[in-house]
Trainee: 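Next up is a structure, given as structure tokens.
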2 protein chains.
Amino acid sequence: MKYSISKENYLKAIFHLQNENGVVTTNELAAALLTKPASVTDMLKKLKAQRLLIYEKYKGFKLNNEGRKVALQIIRKHRLWEYFLVEKLQFGWDEVHEMAEELEHFTHKKLIDRLDTFLNYPKSDPHGDPIPDSNGKFDQQQKQISLPHLSLHRTAKVLAISPQTKEILELLQHKNILIGTKIEVKKKFSFDDSLELKVNNRTAVTISAAVAKSILVNDDQ
Amino acid sequence: MKYSISKENYLKAIFHLQNENGVVTTNELAAALLTKPASVTDMLKKLKAQRLLIYEKYKGFKLNNEGRKVALQIIRKHRLWEYFLVEKLQFGWDEVHEMAEELEHFTHKKLIDRLDTFLNYPKSDPHGDPIPDSNGKFDQQQKQISLPHLSLHRTAKVLAISPQTKEILELLQHKNILIGTKIEVKKKFSFDDSLELKVNNRTAVTISAAVAKSILVNDDQ
DNA sequence: TATTTTTTTTAGATTTGTCTAAATTTAATT
DNA sequence: AATTAAATTTAGACAAATCTAAAAAAAATA
């Protein structure tokens, strides 16, 4: 029941990728993990041997039930640590990812459950991503849409940023767009799909299409 | 400036051993790390090559300044995590060692300094061991003596337990002997050097010589 | 469908930390 | 001082995770 750091990272990456496409390819995963396809193939064999993966040569792969369960526990650890680092240790939401990335691998179930209690069972991390509970279940989530799909002049609340690169987070931090921030789309420019926003009912801010796509807001019709 | 988990554990173990004897031997260290002398020799070469160690073949070894500095930072991390686990997550003092043992290797300086602040700069961990500050300095410590050296009928306070095996901690927990507990030696039996104690001015408790040696109390004459 | 390109896998090497067994050095004992 | 015993080091091997280069399979294109 104990997996190496490397294996845990593979499981987590596969989990995230298959949530987008259903099935994952070797090259895709290699890119996500900043490693080589040959290394991925090696590891896939091991994960399959440990019955965490559905995989046939040349056919792509995905997690089975057990693999998904393990991945969710790691994600739980990651997000609870992020919450702790921001809420208790006063780190910025854009600087906690790497730290959580390490801590998640050295946190036994008992420890993370106590941390969860200490933090009072938060439902989402500082980036707005949902935190699985002790059994690996997500809370009922609000329906999310990305900013380009939000109708003009409807005010919505930022729920998450995805993907969360250091660079995007830095940019949003600077423009005062955080989880929970109120946003209204004032104008869409078809020339480059950039958007002009009203942030927190006050400042006017312009963002590119790329940035807009990464901002997820609530969609309550 | 980044060392492997294994190297960090070697440095920490050498630090503790040389505090008792000045110089450390291969067999001694192998026993402390539950590994083989041959493995120790291999690692010593690497640590020497990295200039963390003073070492000549067949002559024993000890940390140099740099090695000591690194060891102290790891010990700081370990003890702060222990404090956190007991004070904030409500673990027992006898169950936090293993967890801290893992976390200590994945905690960057910036993180541990913030944790220190969050915990309000504790001076010692749940076992009474002093926590080095951000620069690796210990606070002025009270002079400690082990229980067999405490004069009869003088009340003293438990400052630390050393060494801290799971087994001793469990035994002491059971007998209600904790850091801070008041102890008076009522009787010394020369037959087996066992002691009869009064604990917290109330209960009478008998402990063996082995246990007594591991209990450190304050020595203010 | 045949050929080219892309993707994936295999083969073999490398690094880190470990091991066992054998050799060497130092310490202890006769 | 010679011999035995203990401690330490060397030599060679192994497992995990990675890599490069080459081979094989699948997909795309002509």
Side-chain angles (χ1 to χ4, degrees), chain A residues 1-15 17-18 20-63 67 70-71 74 101-102 104-106, chain B residues 1-15 17-18 20-63 67 70-71 74 101-102 104-106:
Chain A
M1 303 296 160
K2 235 281 187 170
Y3 306 101
S4 70
I5 300 174
S6 200
K7 278 178 186 160
E8 291 192 353
N9 282 330
Y10 271 82
L11 293 173
K12 194 171 46 140
I14 297 170
F15 181 91
L17 289 172
Q18 76 182 20
E20 284 160 29
N21 305 330
V23 94
V24 187
T25 69
T26 305
N27 270 356
E28 214 180 356
L29 183 52
L33 292 170
L34 303 177
T35 183
K36 307 288 160 176
S39 309
V40 170
T41 302
D42 287 345
M43 186 58 95
L44 291 178
K45 284 191 220 156
K46 295 178 194 164
L47 293 175
K48 187 187 178 182
Q50 272 181 77
R51 305 181 183 292
L52 296 166
L53 204 60
I54 298 164
Y55 166 53
E56 274 187 274
K57 277 211 258 180
Y58 297 105
K59 295 287 172 65
F61 47 89
K62 57 182 174 181
L63 300 179
V70 175
I74 305 164
E101 202 69 22
E102 308 223 270
E104 65 186 11
H105 302 296
F106 301 91
Chain B
M1 302 294 160
K2 235 283 186 168
Y3 306 101
S4 72
I5 300 174
S6 200
K7 278 178 186 160
E8 290 192 353
N9 283 330
Y10 271 82
L11 293 173
K12 195 171 46 142
I14 297 170
F15 181 91
L17 290 173
Q18 74 181 22
E20 285 159 30
N21 306 330
V23 95
V24 186
T25 69
T26 305
N27 271 357
E28 215 180 353
L29 183 52
L33 291 171
L34 304 176
T35 183
K36 308 288 160 177
S39 309
V40 169
T41 303
D42 286 345
M43 186 58 94
L44 291 177
K45 284 191 218 155
K46 295 178 194 164
L47 293 175
K48 188 187 179 184
Q50 272 181 79
R51 305 181 182 294
L52 296 166
L53 204 61
I54 298 163
Y55 166 54
E56 273 188 276
K57 277 210 261 179
Y58 296 105
K59 295 287 171 64
F61 47 89
K62 57 181 174 180
L63 299 179
V70 175
I74 304 163
E101 201 69 20
E102 307 223 88
E104 65 186 10
H105 302 296
F106 301 92

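The chains referred to below are lettered A, B, ... by the order of the sequence lines, with proteins before strands, and numbering in each begins at 1.
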Trainee: Between C:dT18 atom C1' and B:L29 atom CG, what is the distance in whole Å?
Mentor: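 About 14 Å, once rounded to whole Å.
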Trainee: For a quick test of reading the model: is some side-chain N or O of A:N27 closer than 4.0 Å to OP1 or OP2 of C:dT8?
Mentor: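 Yes, because at least one side-chain N or O of A:N27 sits under 4.0 Å from OP1 or OP2 of C:dT8.
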Trainee: For the pair made of NZ in B:K57 and C1' in D:dA7, what is the distance, rounded to whole Å?
Mentor: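 Distance, rounded to whole Å: 14 Å.
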Trainee: Does D:dT9 have OP1 or OP2 sitting under 4.0 Å from an N or O in the side chain of B:T26?
Mentor: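 It does, given that an N or O in the side chain of B:T26 lies less than 4.0 Å from OP1 or OP2 of D:dT9.
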Trainee: Between side-chain atoms of residues 33-53 of chain A and protein atoms elsewhere (two or more places apart, or another chain), which donor-acceptor pairs fall under 3.5 Å?
Mentor:
unit_1: A:T41; atom_1: OG1; unit_2: A:P37; atom_2: O; d: 3.2
unit_1: A:K48; atom_1: NZ; unit_2: A:Y55; atom_2: O; d: 3.1

Trainee: Hey, does the side chain of B:T35 come within less than 4.0 Å of C:dC19's phosphate (OP1/OP2), counting only N and O?
Mentor: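 Indeed, a polar side-chain atom of B:T35 lies that close.
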Trainee: If I take atom CD in residue A:E56 and atom P in nucleotide D:dA25, what distance separates them, rounded to the nearest angstrom?
Mentor: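 So the CD-P distance, A:E56 to D:dA25, works out to 15 Å.
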Trainee: For a quick test of reading the model: is some side-chain N or O of A:Y10 closer than 4.0 Å to OP1 or OP2 of D:dT18?
Mentor: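 The answer is yes; a side-chain N or O of A:Y10 sits under 4.0 Å from OP1 or OP2.
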Trainee: As an exercise, state the distance from CD1 of A:I54 to CD of A:Q18, rounded to the nearest 0.5 Å.
Mentor: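 Between atom CD1 of A:I54 and atom CD of A:Q18 there are 8.5 Å.
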Trainee: Among C:dT20, C:dT9, C:dT18, which is the nearest nucleotide to the side chain of A:Y58?
Mentor: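 Minimum distance to the A:Y58 side chain belongs to C:dT9.
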Trainee: For A:T25 and C:dT7, is the shortest distance between a side-chain N/O and OP1 or OP2 below 4.0 Å?
Mentor: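 The answer is no; no side-chain N or O of A:T25 sits under 4.0 Å from OP1 or OP2.
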Trainee: What is the distance, rounded to the nearest whole Å, between atom NZ of A:K59 and atom C1' of D:dA27?
Mentor: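 Rounding to the nearest Å, NZ of A:K59 and C1' of D:dA27 are 13 Å apart.
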Trainee: Step through the shown structure and confirm whether more than 12 heavy atoms of other residues, nucleotides or ligands are within 6.0 Å of NZ on B:K7.
Mentor: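 More than 12 within 6.0 Å, yes.
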Trainee: If you take any heavy atom closer than 4.0 Å to DNA chain C, which residues from residues 39-55 of chain A end up in contact?
Mentor: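 Correct list: A:T41, A:K45, A:Y55.
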Trainee: Check the pair A:I74 / A:Y3 against side-chain contact (heavy atoms from CB on, under 4.5 Å), numbers first and verdict last.
Mentor: CA-CA 11 Å; A:I74 305 164; A:Y3 306 101; over 6 Å; no
Trainee: Does D:dA16 have OP1 or OP2 under 4.0 Å away from a side-chain N or O of A:S6?
Mentor: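 So the side chain of A:S6 is outside the cut-off, no N or O lying under 4.0 Å from OP1 or OP2 of D:dA16.
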Trainee: Would you please confirm or rule out a distance under 4.0 Å between OP1 or OP2 of C:dT9 and any side-chain N or O of A:K36?
Mentor: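 No, because none of the side-chain N or O atoms of A:K36 sits under 4.0 Å from OP1 or OP2 of C:dT9.
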Trainee: Without decimals, in angstroms, what is the distance between A:Y3 OH and D:dA17 P?
Mentor: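 These atoms are roughly 13 Å apart.
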Trainee: Tell me the closest heavy-atom pair linking B:A71 and B:L11, and the distance in Å.
Mentor: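 Looking at all heavy atoms of both residues, the closest pair is CB-O, 3.8 Å.
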Trainee: How would you list, by chain and number, every residue that makes a ring pair (Phe, Tyr, Trp, His ring centres under 6.0 Å) with B:F106, sequence neighbours excluded?
Mentor: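 In terms of ring pair (Phe, Tyr, Trp, His ring centres under 6.0 Å), with neighbours along the sequence ignored, B:F106 is linked to A:F106.
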Trainee: Step by step, would you call A:K2 with A:E8 a salt bridge (charged side-chain N to carboxylate O under 4.0 Å, His left out)?
Mentor: CA-CA 9 Å; A:K2 235 281 187 170; A:E8 291 192 353; 5.4 Å; no
